[in-house]
Number of protein chains: 2
Amino acid sequence: MTRTTREDVVTAAGRLFAADGYDGTSMRDLGREVGLLGSSLYAHVAGKQELLVEVVMRGSLLFEDSAREAVDTPGTTRDQLRAFIAGHVGVVLGHLDVARTFLNEARALDPEHRAQVIAARDAYEATLRWILAVGRDNGSFRAGLDPKLDGIFILSILNAIDRWYQADGVIEPERLVDELYEFVLAGLS
Amino acid sequence: MTRTTREDVVTAAGRLFAADGYDGTSMRDLGREVGLLGSSLYAHVAGKQELLVEVVMRGSLLFEDSAREAVDTPGTTRDQLRAFIAGHVGVVLGHLDVARTFLNEARALDPEHRAQVIAARDAYEATLRWILAVGRDNGSFRAGLDPKLDGIFILSILNAIDRWYQADGVIEPERLVDELYEFVLAGLS
DNA sequence: CCTACCGATCGGTAGG
DNA sequence: CCTACCGATCGGTAGG
């Protein structure tokens, strides 16, 4: 046991926010998680809200980077769609606590940061819609596709993964990506 | 303004639980909503938890009835799938507050009722899986379909509707059902 | 259905 | 990083 760092506190906060929610996590709970008293946390952070902002912003960046990589993927529009799905799965499974907090606890943010998160989500969704529209126009997907509505359907599936996926087996991440891609692509064809 | 009834309190509780969450709703908030003091609510209900149980159980019953009706629908397996989707949309759009509370606030329930809700959700999911398996075996859907995984994908889409649907137009409920059915059916074909 | 409370818990601070 | 606290808010109760 070395000294507790700010990073330890942020990581533990993500864990508790993901498991019990922001409102369901007290500073005393968080202190216990890192082996300190609740009041001692204020030597590391300005407050509870700052911790939420930090965790959520990390999630926001992860999804943003993933979306950019998907668009930069060489190949067909279908390859980009697959990269988008694979990237999303990678973020969720690779950073479960951060992803869960980003997806489910944003409403506890102060108005300014909440607006920032909503903007980030809109941009993420816009990237997917862009892929769908391009694919519709170049014949990769069906002509009658509705980028907005079909984008919502796809994101609904992706954003629910953290709720049912269990790390300990049952289905491998690679197979999950395959099945997701297959199901979604069919819906677009 | 007539006398406040227990029903008024339960309805208002559903509204606030859906909007602000169970933890985010205080008995004083709820009292204000119905024009009473927080402490006066205890003349109508035993406690805050009882209100959550009541709202969530109403949601549970609505989805259960809807699933049964879908299975009892005459016609092809595809017709049953469509009825399942239409029923789900009907419950969500027709009882937004109850559906939201059922879908998002069950974790605030005491262990016994939470177990009940999980069992109800499992049964609902089992009904959908049954439709998928039957349809796979009778040729309505593709042979390689995975009832469990594809059922999760479908429910992911259905359970997210309350998060983005806006009652004031944009898309009609009938068109939503059509688009959902089209997208899902393609994923199963 | 209100008045007047209760004990518990919350986020956070002063001072060391 | 702890001690000792603070004001606010919470769910809930006694008595009318």
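Lettering follows sequence order; numbering is per chain, from 1. Small disclaimer: the values here were computed from a predicted structure and weren't measured.
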Seminar exercise, completed: The side-chain hydrogen bond (donor to acceptor under 3.5 Å, both in side chains) partners of S40(A) (sequence neighbours excluded) come to none
For this session: State which residues pass side-chain hydrogen bond (donor to acceptor under 3.5 Å, both in side chains) with R68(A); sequence neighbours excluded, sorted by chain then number.
Result: D65(A)
For this session: Taking side-chain hydrogen bond (donor to acceptor under 3.5 Å, both in side chains) as the test, write out the residues that go with T73(B), two or more places apart.
Result: none
For this session: With sequence neighbours left out, write down each residue that passes side-chain hydrogen bond (donor to acceptor under 3.5 Å, both in side chains) with H95(B), or none if nothing qualifies.
Result: none
Problem set entry | Check: D72(A) side chain, E69(A) main-chain N or O, donor-acceptor pair, under 3.5 Å | no
Problem set entry | Derivation of the side-chain hydrogen bond (donor to acceptor under 3.5 Å, both in side chains) call for T11(A) and D8(A) | CA-CA 5 Å; T11(A) 303; D8(A) 296 332; 5.8 Å; no
For this session: Sorted by first residue and then second, give each side-chain hydrogen bond (donor to acceptor under 3.5 Å, both in side chains) pair with at least one member in residues 178-189 of chain B; sequence neighbours left out.
Result: R82(B)-D178(B), R175(B)-E179(B)
Exercise. Of all of residues 5-28 of chain B, which get a heavy atom below 4.0 angstrom from DNA chain C, listed by number?
Worked result: none
Exercise. Looking at CD of Q166(B) and CG of L93(B), how far apart are the two atoms once the value is rounded to the nearest 0.5 Å?
Worked result: 12.0 Å
For this session: Calculate, to the nearest 0.5 Å, the distance between atoms CZ and CG belonging to F183(A) and L149(B) respectively.
Result: 9.5 Å
Problem set entry | Segment of DNA chain D, first to last nucleotide, that comes within the 4.0 Å heavy-atom reach of chain A | dC1(D) to dA4(D)
Exercise. In residues 37-57 of chain A, which ones come under 4.0 Å of DNA chain D, going by heavy atoms?
Worked result: L37(A), S39(A), S40(A), A43(A), H44(A)
Problem set entry | Pair listing, ring pair (Phe, Tyr, Trp, His ring centres under 6.0 Å) test, anchored in residues 37-87 of chain B, at least two apart | F63(B)-H88(B), F63(B)-F102(B), F63(B)-Y124(B), F84(B)-Y124(B)
Exercise. Taking five pairs at each end of the helix from dC1(C)-dG16(D) to dG16(C)-dC1(D), what angle separates the two helix axes (nearest 10°)?
Worked result: 0°
Problem set entry | Residue list, side chain to side chain contact (heavy atoms under 4.5 Å, CB included) with S39(A), at least two apart or on another chain | L37(A)
For this session: Only pairs at least two apart or in different chains count here, so list each ring pair (Phe, Tyr, Trp, His ring centres under 6.0 Å) that has a residue in residues 127-150 of chain A.
Result: none
